[in-house]
Amino acid sequence: MISLTSTDPARLDVEAVVVAVRPQGTSVIPVDADWLPAELARQITQDGTRLGVTGAADEVRRLPGTGLTAATLVLTGLGDATVDAATPEGAEALRRAAGAATRELAGLASVALALPTPDAAAVGAVAEGALLGAYAFGRYHEQDAPVARVEVVTPRVRDKAAKAALARAEVLAAAVHATRDLVNTAPNDLYPAAFADAAKAAVKASGAKGLKVTVLDEKALLAGGYGGIMGVGQGSARPPRLVKVAYAPSRATGHVALVGKGITFDSGGISIKPAAGMEAMKSDMAGAAAVLHTVVAAAQLGLPVAVTGWLCLAENMPSGTAQRPSDVITIRGGKTVEVLNTDAEGRLVMADGLVAAVEEKPDLVVDIATLTGAQMVALGHRVSAVMGTDAARAELVDAAHGAGEQFWPMPLPADLRAGLKSKVADLANIGDRFGGMLTAGIFLQEFVGSTPWAHLDVAGPAFNERSAFGYTPVGGTGVGVRTLLRLLEQRAS
């Protein structure tokens with residue numbers, strides 16, 4: 001639960017009060033915390049360094065709440081960033097400081113955030129960060145419960161814009177949490193049919209108007225010519241699905257299609273992956289999870305733009321029925337693909353999804369996928385890639401910047417297309433290993449025609465195998481939801 005309060009933070013009946021600090025010379029200073037008792041303020045400014053407080057981003061330190069009703073005073077670092085939430089950098093600094101604090105305070109029942117909130121934008125950033133940080137996945141074993149009650153201290157308690165920002169933060173955080181939950185779910189529990197059921201349940205639970213779910217099973221996929229999804233899924237005992245989640249508001253101002261890769265487990269198929277690290281391949285459906293919950297969030301917010309999500313769901317397994325290197329498959333629409341490597345399967349299911357999306361003539365198609373290991377080679381574990389038509393790519397980069405997610409524009413060099421030539425089919429599913437992320441994008445480009453299109457490769461950022469940071473936990477991160485929702489909001493305005 002999250003709420004706004006204008007009560008003096010020193011008098012709030014909570015377990016911990018959080019204030020922001022930043023470096024100043026060899027010490028630190030509290031930010032917008034004139035209410036602090038003199039002794040606590042002195043301790044922070046004079047003894048902060050001795051206590052190990054630097055004010056760096058993601059740093060969270062606890063002190064006794066001397067002079068406060070709360071037992072604990074928590075210092076969360078802003079680093080050197082501006083705190084002007086009117087700028088994307090300032091909003092992200094507040095978001096990250098709030099999220100780091102609530103993540104570190106798991107197990108507490110109540111926390112007040114007394115961070116700078118002079119306007120509605122700042123209220124929204126603090127609330128969003130606090131909720132994103134207050135996450136735990138406890139399906140399979142007990143963990144410290146996330147902070148149960150968060151109060152955001154602000155003078156804007158009665159401000160309609162601030163209340164709206166808070167409500168939006170709740171919807172957005174719920175979408176990110178639900179995406180993380182799906183990514184973190186074990187693949188024996190989340191297979192294509194189970195994912196389809198989860199999509200139905202999410203739509204029903206949302207209570208939002210204008211949402212409809214359609215599921216194509218293996219018979220419908222075969223009849224519809226979805227050769228990519230069927231080819232990838234034919235090696236598994238658990239058959240593939242294509243799920244369409246459509247939000248159709250009255251008097252929509254436009255139509256955006258979102259296509260998500262949903263490989264519920266990727267063994268590599270016959271071109272099997274090395275055993276080391278294969279357990280992370282349960283996250284290969286992160287794109288489809290992000291699409292599902294972006295569509296649901298758009299409906300909950302009542303955005304006046306039509307959104308159609310396509311979840312391309314299959315399990316890539318080796319077996320006697322699995323597709324083989326040198327098989328030729330036919331994608332929906334008729335293009336043939338020679339499968340040279342069965343571990344380049346994501347682009348095959350996405351090709352079917354893109355063709356289906358384009359058939360409905362949307363104004364824009366955006367796909368999101370944990371598509372290539374080459375993305376991590378190029379951009380690391382925290383920065384995602386954006387490719388596509390020039391205007392669409394620029395629009396996605398702008399949306400990501402505003403949302404606080406790191407997406408970097410990448411090219412689609414025409415000369416790499418030659419690497420996808422096949423002697424027996426219209427194209428091969430792999431090319432030269434150098435520039436592999438770009439080649440994968442060029443492959444997908446073959447299936448969008450002239451429709452404005454952007455491709456998001458989130459292979460690294462979708463699943464955090466390292467330490468938690470800011471509002472980002474270990475495991476599923478929910479990357480892409482904030483960017484896609486902001487894109488839809490911009491198109492709706």
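By the ring-ring contact (aromatic ring centres under 6.0 Å, His included) test, H177 pairs with Y135, sequence neighbours left out. Listed by chain and residue number, F443 satisfy the ring-ring contact (aromatic ring centres under 6.0 Å, His included) test with F447 (two or more places apart in sequence, or in another chain). Scored by the ring-ring contact (aromatic ring centres under 6.0 Å, His included) test, Y191 finds no partners at all (sequence neighbours excluded).
A distance-only check finds a donor-acceptor pair linking the side chain of S283 to the backbone of A280 [under 3.5 Å]. The backbone N or O of A186 lies less than 3.5 Å from a partner atom in the side chain of Y140, making a donor-acceptor pair. Side-chain N or O atoms of D327 include none that pairs as donor or acceptor with a backbone N or O of I329 at under 3.5 Å. Judged purely by atom type and a 3.5 angstrom limit, T253 uses its side chain to pair as donor or acceptor with the backbone of P304. Side-chain atoms of E405 come within 3.5 Å of backbone atoms of G480 as a donor-acceptor pair (strictly under, hydrogens ignored). Side chain of K335 to backbone of E446: a donor-acceptor contact under 3.5 angstrom is found.
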Could you pull out all donor-acceptor pairs under 3.5 Å where a side-chain atom in residues 341-351 meets a protein atom, sequence neighbours excluded?
| unit_1 | atom_1 | unit_2 | atom_2 | d |
| --- | --- | --- | --- | --- |
| N341 | OD1 | S271 | OG | 3.4 |
| N341 | OD1 | D343 | N | 2.7 |
| T342 | OG1 | G268 | O | 2.7 |
| T342 | OG1 | I270 | N | 3.2 |
| T342 | OG1 | S271 | N | 2.8 |
| T342 | OG1 | S271 | OG | 3.3 |
| D343 | OD1 | K273 | NZ | 3.1 |
| D343 | OD2 | K273 | NZ | 3.0 |
| E345 | OE2 | K261 | NZ | 3.4 |
| R347 | NH1 | N429 | O | 2.8 |

Show the atom names and distances, to 0.1 Å, of all donor-acceptor pairs under 3.5 Å that link a side chain in residues 125-134 to residues at least two apart or in another chain.
| unit_1 | atom_1 | unit_2 | atom_2 | d |
| --- | --- | --- | --- | --- |
| E128 | OE2 | R95 | NE | 3.1 |
| E128 | OE2 | R482 | NE | 3.4 |

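At least one side-chain heavy atom of L444 sits under 4.5 Å from a side-chain heavy atom of L371. Considering only heavy atoms from C-beta on, T294 stays 4.5 Å or farther from V307 through its side chain. Under the 4.5 Å side-chain criterion, counting only non-hydrogen atoms from C-beta, R491 is in contact with E395. With a 4.5 Å cut-off on side-chain heavy atoms, Y247 and V296 do not count as touching.
Residues S267 and N316 bring no donor and acceptor atom of their side chains to less than 3.5 Å of each other. There is no side-chain donor-acceptor pair under 3.5 Å between N464 and T477. Between the side chains of D367 and W453, at least one donor N or O sits under 3.5 Å from an acceptor N or O.
The number of heavy atoms from other shown groups lying within 6.0 Å of CG (D189) is above 12.
Among residue pairs with one or both ends in residues 370-420, none qualify as ring-ring contact (aromatic ring centres under 6.0 Å, His included); sequence neighbours excluded.
Evaluated for a side chain to side chain contact (heavy atoms under 4.5 Å, CB included) with L242, the options T214, L216, L311 yield exactly one hit, L216.
For the pair R238 and F265, the cation does not sit on the ring face, since its NZ or CZ is not both under 6.0 Å from the ring centre and inside 45° of the axis.
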